[in-house]
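The next block holds one structure in the form of structure tokens; read it before the comments.
Just so we're on the same page: letters track the sequence lines, and every chain starts at 1.
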Protein chains: 2
Amino acid sequence: MKTHSVREQLLEHTLVLIRRRGFNGFSYRDLAELVGVKTSSIHYYFPSKDDLVLEAVREYSARTKERIHGIDASLPPAEQARQYLAPLRAGVGTGQACLVAMLCADVLDLPESIRQVMRDYVRMNEQWLARLFERAQPLRSTPYPVPPEQLAKVVYGALQNSMISGRLFDTSERLEAAAALLTGVIPA
Amino acid sequence: MKTHSVREQLLEHTLVLIRRRGFNGFSYRDLAELVGVKTSSIHYYFPSKDDLVLEAVREYSARTKERIHGIDASLPPAEQARQYLAPLRAGVGTGQACLVAMLCADVLDLPESIRQVMRDYVRMNEQWLARLFERAQPLRSTPYPVPPEQLAKVVYGALQNSMISGRLFDTSERLEAAAALLTGVIPA
DNA sequence: GTCTATAAGGCGATAGAC
DNA sequence: GTCTATCGCCTTATAGAC
């Protein structure tokens with residue numbers, strides 16, 4: 001039987017709560033009940049809600065960084081894209097969107113310390129996609145309709161939005177539309 | 001000197017409040033102070049917060065419908081796209097995103113009545129873009145990388161996300177990237 | 001570390017005077 | 001229609017016992 005420290009459990013449940021309800025949509029009470037402690041115990045590990053959310057964004061970002069850096073860059077671009085999309089597809093139906101995309105809606109309530117980590121997260125994803133498009137470009141017969149950096153911003157934005165709006169519609173149409181464009185501009 | 005009924009003022013300020021802070025990010029107190037009434041007066045016009053937000057989404061949707069239906073379909077596709085994008089560009093720097101995109105992050109807290117109007121809004125925009133792409137298709141030398149309906153979902157999603165994330169970054173890069181793809185796939 | 005108890009204020013909503 | 005007053009509950013956060 002695996003044991004997890006209270007701190008680890010708090011962070012793990014916070015990730016899910018933010019990805020479902022956003023910064024203003026969950027409380028210390030919600031979190032305390034999930035972990036089985038009192039709200040005052042949360043303050044022992046994370047003095048303020050901003051502290052808790054900052055650590056959650058750092059953890060989320062670190063996991064994503066490890067994941068996309070773990071994708072073998074020598075693989076065919078289409079296969080790299082497939083691996084990038086896999087966890088997004090796995091999230092369909094869970095009610096969870098990207099943590100940074102959710103926090104983006106509440107950004108006017110967040111301190112600069114959190115915003116900085118959020119910006120780094122978005123840029124990391126955009127840059128990974130941009131490099132993928134750059135590597136795939138020589139394999140194409142025609143140039144992209146827009147430069148790789150712009151194409152990366154569009155595809156990443158569409159993916160982020162598709163996970164948010166996927167909870168409004170009971171379908172993964174929008175995620176698959178963005179995925180189709182991503183793989184569609186990359187030679188097989 | 002223009003006079004606006006209290007109800008009109010409440011609705012107008014609600015539009016801005018939601019577009020800035022989202023459903024869970026504004027209160028009757030915020031709204032009452034902006035209009036200069038007491039919170040109990042808001043309940044006279046809108047018994048519950050759900051009632052208020054439902055009317056706000058309906059009003060927002062009606063305005064958008066009138067606007068995009070007012071774009072002359074016989075104009076060159078690129079000019080239609082420019083007119084579609086104009087109000088999005090005008091919103092840059094105001095801290096306001098699309099009302100429906102903001103509510104999408106809080107969708108787990110919203111009743112089905114509001115969700116239905118939100119779905120209609122998204123479909124209306126996607127369909128308008130899809131028809132634009134369909135009309136522009138014969139003018140192109142090569143086919144789109146994905147069908148017009150999918151391209152519409154991707155471009156619309158990227159536009160929605162660009163207005164949300166535009167508050168995180170102090171730039172309209174992402175809006176302009178989506179705009180560049182939109183106009184880039186349409187012959188001049 | 002975790003608890004009980006509590007502070008200090010915000011929330012949506014209602015009753016009833018005017 | 002708009003107000004005052006208030007209800008019941010929720011929120012983040014702190015003090016201090018164990």
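- Between Lys38(A) and the phosphate of dC3(C), there is no side-chain N or O to OP1/OP2 separation shorter than 4.0 Å.
- Nucleotide dC11(C) holds its C1' atom 14 Å from the CG atom of Asp50(B), rounded to whole Å.
- Of the possible donor and acceptor atoms, one in the side chain of Arg20(A) sits under 3.5 Å from a partner among the backbone N and O of Thr94(A).
- Between Arg29(A) atom CZ and dC10(D) atom C1' the separation is 6 Å, expressed in whole Å.
- A sub-4.0 Å separation between OP1 or OP2 of dC3(D) and a side-chain N or O of Tyr44(B) is absent.
- In this structure, the side chain of Ser165(A) does not engage the main chain of Leu168(A) through any donor-acceptor pair within 3.5 Å.
- Here the C1' atom of nucleotide dT6(C) and the NE2 atom of His43(A) are 13 Å apart, to the nearest Å.
- Leu31(A) places its CG atom 12 Å from the P atom of dT11(D), with the value rounded to the nearest Å.
- OP1 and OP2 of dC3(D) both lie 4.0 Å or more from every side-chain N or O belonging to Ser40(B).
- At dC3(D), one or more side-chain N or O atoms of Ser41(B) fall inside 4.0 Å of OP1 or OP2 (strictly under the cut-off).
- Distances shown here put every side-chain N or O of Tyr28(B) at or beyond 4.0 Å from the OP1 or OP2 atom of dG10(C).
- Of the candidates dC11(C), dT14(D), dT2(D), dT2(D) carries the atom nearest the Val6(B) side chain, counting heavy atoms from C-beta on.
- Between Arg82(B) and Glu79(B) there is a salt bridge, since a side-chain N of the basic residue sits under 4.0 Å from a carboxylate O of the acidic one.
- When distances are taken from the side chain of Thr39(B) to each of dC11(C), dG1(C), dA13(C), the shortest belongs to dA13(C).
- Counting any heavy atom pair closer than 4.0 Å across all strands shown, Phe46(A) reaches no nucleic acid atom.
- Using modelled atom types, no side-chain atom of Arg19(A) and backbone atom of Val100(A) make a donor-acceptor pair closer than 3.5 Å.
- Looking at the side chain of Ser48(A), the nearest of the listed nucleotides dC3(D), dA13(D), dT2(D) is dA13(D).
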